[in-house]
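Lettering of chains follows the sequences in order, A, B, ..., and the numbering in each one begins at 1.
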2 protein chains.
Amino acid sequence: MEEETELKPTRRTTIVTLSQKAGVAPSTVTRALRGDSRISTKTRERILGLAREFGYTPNALARTLSSGRSGLYGLVLGPSTNPFYTELLHEATAQAEALGVRLLIIHAGLGPIEERTAEALLQYQVDGCIISSAIMTSRASEICAANQVPLVMVNRVAMQRACAVTCDNRAGGRELAELLRSKGRRRIAIVRTSSTSSTSQEREDAFAASLAKDDLTLALRLDGHSTYDGGFEAGRTIAAMAPAERPDGVFAVSDIMAMGVLDAFRLAGVRVPDDIAVVGFDGLPSSARPIYDLTTIEQPLPLMIRRSFEILQSRSKDQNQPEEVLSLRGRLIVRGSSGA
Amino acid sequence: MEEETELKPTRRTTIVTLSQKAGVAPSTVTRALRGDSRISTKTRERILGLAREFGYTPNALARTLSSGRSGLYGLVLGPSTNPFYTELLHEATAQAEALGVRLLIIHAGLGPIEERTAEALLQYQVDGCIISSAIMTSRASEICAANQVPLVMVNRVAMQRACAVTCDNRAGGRELAELLRSKGRRRIAIVRTSSTSSTSQEREDAFAASLAKDDLTLALRLDGHSTYDGGFEAGRTIAAMAPAERPDGVFAVSDIMAMGVLDAFRLAGVRVPDDIAVVGFDGLPSSARPIYDLTTIEQPLPLMIRRSFEILQSRSKDQNQPEEVLSLRGRLIVRGSSGA
DNA sequence: AATTAGTGCGCACACGTTTGCGCAACGAAT
DNA sequence: ATTCGTTGCGCAAACGTGTGCGCACTAATT
């Protein structure tokens with residue numbers, strides 16, 4: 001203990017270290033590094049040289065303390081059973097890297113965001129948080145509101161007051177219904193999910209409304225729990241029906257469920273699209289696999305994430321902006337599963 | 001500007017705020033909150049009460065600056081095309097939540113960890129970093145070494161000096177080979193990956209070594225690029241062979257490739273396991289789907305992550321511990337794809 | 001020669017928390 | 001009545017950056 005001042009193993013080089021080497025004040029180093037115009041080019045070059053030489057890396061945490069901006073964004077993901085969230089994570093990571101900010105995983109899975117989880121947002125002073133899937137307990141959203149943490153819900157319209165960026169679920173549902181109707185499908189089932197999310201409901205409502213234009217109603221409504229296994233079970237149920245009364249079209253409100261439906265049909269010998277057409281929603285990369293060849297609506301994920309970051313950055317500058325809900329049109333991808 | 005002292009919108013309550021309300025020094029508040037025995041129970045209760053009343057949440061960043069520990073762990077993930085990384089993420093997130101620490105996404109994808117990316121580890125003063133999949137540029141690993149950032153490679157043995165936690169790939173490869181041999185399979189193909197990772201090579205080596213005991217050699221070696229699509233292509237190649245010379249067994253060194261192989265066989269009408277047996281490696285949840293019913297080795301992911309955190313925490317206390325490489329036995333799961 | 005208008009930089013404090021040290025007050029033991 | 005140990009707490013510095021203000025110096029204008 002007595003010798004600790006001697007043993008200190010080459011501490012990290014900081015702005016203070018550099019200021020001593022350069023014989024200037026720490027504030028000069030800060031400004032030189034940030035390109036402040038008040039510092040002469042000569043001094044700046046010298047300091048930049050020293051910074052490189054001694055391998056200086058700024059301490060983002062200290063900067064946060066001083067400036068208030070952390071460069072950290074929270075990310076809340078849904079369960080691992082839906083690859084959509086994996087796509088979202090990768091897209092968000094890539095964009096964060098490009099923006100020079102970092103993502104903090106706040107939560108991943110099914111359950112709601114608890115108070116304890118929400119506090120992490122404050123503890124690490126995040127500049128904002130992207131929430132997909134999960135809902136917040138009212139206490140958790142109170143905490144965020146009270147502390148001015150900008151939030152944006154992705155693929156979900158908030159129950160609470162909050163910004164949201166979603167795919168246009170109604171337009172997508174309508175397009176898929178129109179497609180099935182145009183192919184002459186008349187007995188149509190839906191595999192939906194009964195979670196608290198708005199997404200499934202919107203897709204179903206618009207789908208059913210479009211069917212109604214041909215005086216059709218949904219022949220069957222099954223719950224697929226937003227999982228492959230749930231879709232598979234639903235598919236087995238449909239496949240087990242007598243061919244005469246079996247639907248000739250299925251809309252699974254998410255691709256992962258559609259994949260389960262398709263595999264169940266395949267195992268049961270129900271032919272797609274001859275016996276029954278199948279359409280999904282999300283545009284997962286795996287929906288393009290030849291084995292599925294699934295007709296679906298592709299969510300514009302890159303743009304959705306981009307807009308999310310824009311909203312967060314804008315709101316962290318001025319917290320009092322009105323909330324905005326953004327709906328982006330998806331792209332219909334017609335593949336073999338819906339029939340020729 | 002003149003009025004800004006008036007307009008300050010109820011700043012977040014800090015330790016200083018609390019100390020004023022309680023009429024004590026900030027240091028007393030700190031100690032009371034942390035349960036220091038030197039503070040009287042009465043004072044502590046009073047301060048805890050105020051903390052609740054005013055919704056105090058500690059500022060983790062300021063704490064880091066002062067104490068050196070951030071409670072942040074970096075996480076580097078592989079590409080979204082392999083669900084294994086999704087499982088890893090969710091397991092790591094769940095355990096981090098239980099440990100009261102947070103995960104910072106450092107990188108997700110194929111490319112190596114660049115210098116710029118590695119710097120994020122320093123900027124946010126992470127207590128350690130879990131690296132799966134990616135390799136680091138030598139410059140990046142120099143940076144981490146120089147700044148004493150504890151690293152642990154998961155599912156990968158480091159080229160550079162570093163700790164690692166992996167599944168016992170050799171034992172797994174051997175077990176799978178023994179299984180196929182015991183089922184009488186004699187012409188065996190492997191779908192591997194030529195990346196720089198040690199994992200594929202270890203699995204293949206042990207697999208081939210076991211085959212050699214029956215004087216068998218690998219009939220075919222294909223590159224599946226660790227993706228479904230790569231596995232699918234490999235499967236098509238195999239399926240296109242004349243039945244007489246076609247292999248009667250395939251080892252795909254990762255489940256995601258095995259799934260591609262299986263689907264290619266299905267589309268080509270090659271029957272599994274009658275015409276050809278298929279085995280994988282990783283134990284992905286999706287390998288259990290009835291449509292795949294894939295025999296595989298399940299990696300003990302929960303334990304792997306637990307040990308990883310233990311290693312990181314231990315090394316952040318004492319950086320000079322020798323490096324350790326931990327190999328955990330996987331579990332053979334025999335399913336239908338390898339034959340009865 | 002006196003005023004002005006820059007240019008280049010330093011001083012000092014702030015951000016919120018932790019921590020080593022030390023100081024009062026109090027009861028107990030000499 | 002002095003010394004001692006204990007309990008309970010405060011002081012002040014430190015962590016690394018950012019920033020408002022102001023000072024010195026030079027050069028251009030009256």
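- A/Ile47 has its CD1 atom 10 Å from the C1' atom of C/dC9, to the nearest Å.
- Checking A/Arg44 against B/Thr14, the closest nucleotide of DNA chain C that is more toward the 5' end is the one next to A/Arg44.
- At the phosphate of C/dT18, OP1 or OP2 sits under 4.0 Å from a side-chain N or O atom of B/Arg63.
- Contact annotation: side chain of A/Arg31 to base of C/dG8, donor-acceptor pair absent below 3.5 Å.
- For the OP1/OP2 pair of C/dT17 and a distance below 4.0 Å, the side-chain nitrogens and oxygens of B/Thr30 include no atom meeting the criterion.
- Salt-bridge formation is not detected for the pair A/Asp36/A/Arg34: no Lys NZ or Arg NE/NH1/NH2 atom is positioned less than 4.0 Å from an Asp or Glu carboxylate oxygen.
- Remark: the B/Thr17 side chain and the B/Thr14 side chain contain an N/O donor-acceptor pair separated by less than 3.5 Å.
- Residue A/Pro58 is in sugar-phosphate contact alone, with no base atom involved, counting any heavy-atom pair closer than 4.0 Å across all strands shown.
- To the nearest angstrom, P of D/dT17 lies 9 Å from CG of B/Leu65.
- If you take CG of B/Leu61 and P of D/dT17, they are 13 Å apart, rounded to a whole angstrom.
- Going from atom CZ of B/Arg69 over to atom C1' of C/dT17 covers 16 Å, rounded to whole Å.
- A donor-acceptor pair shorter than 3.5 Å cannot be found between the side chains of A/Ser80 and B/Thr86.
- Per the geometry, CG belonging to A/Leu18 stands 12 Å off P belonging to D/dG16, to the nearest Å.
- Taken to the nearest 0.5 Å, the CD atom of B/Glu119 stands 11.5 Å off from the CD1 atom of B/Ile106.
- Remark: the backbone N or O of A/Gly71 is paired with a side-chain donor or acceptor of A/Asp127 at under 3.5 angstrom.
- Distances shorter than 4.0 Å separate some side-chain N or O of B/Arg34 from OP1 or OP2 on C/dT18.
- As judged by a 4.0 angstrom heavy-atom cut-off over every strand, B/Thr64 is placed among residues making no nucleic acid contact.
- The base of D/dC11 sits with one of its N or O atoms less than 3.5 Å from a complementary donor or acceptor on the side chain of B/Ser27.
- Atom CD1 in A/Ile15 sits roughly 16 Å away from atom P in C/dC9 (whole-Å rounding).
- Picking from C/dC9, D/dC15, D/dT17 the nucleotide with the shortest atom distance to the side chain of B/Ser66 gives D/dC15.
- Regarding B/Gln20, its CD atom lies at a distance of 13 Å from the P atom of D/dG10, rounded to whole Å.
- Closest to the A/Arg38 side chain, of the nucleotides D/dG16, D/dC9, C/dC9, is C/dC9.
- Between A/Thr28 and B/Ile39, it is B/Ile39 whose nearest contact on DNA chain D lies nearer the 5' terminus.
- The shortest distance between the side-chain N/O atoms of B/Thr43 and the OP1/OP2 oxygens of D/dC9 is below 4.0 Å.
- Taking 4.0 angstrom as the limit, B/Tyr56 places a side-chain polar atom (N or O) nearer than this to OP1 or OP2 of C/dT17.
- Atom CG in B/Leu33 sits about 15 Å away from atom C1' in C/dT19, given to the nearest Å.
- Looking only at atom types and distance, the side chain of B/Ser40 has a donor-acceptor partner in the side chain of B/Thr43 under 3.5 Å away.
- At a threshold of 4.0 angstrom between heavy atoms, the contacts of A/Ser40 are confined to the sugar-phosphate backbone, with no base atom among them.
- Residue-level contact check: A/Val29 touches neither bases nor backbone, having no heavy atom under 4.0 Å from any strand.
- With distances taken from any side-chain atom of A/Ala62 to the nucleotides C/dC21, D/dT17, C/dC9, the minimum falls on D/dT17.
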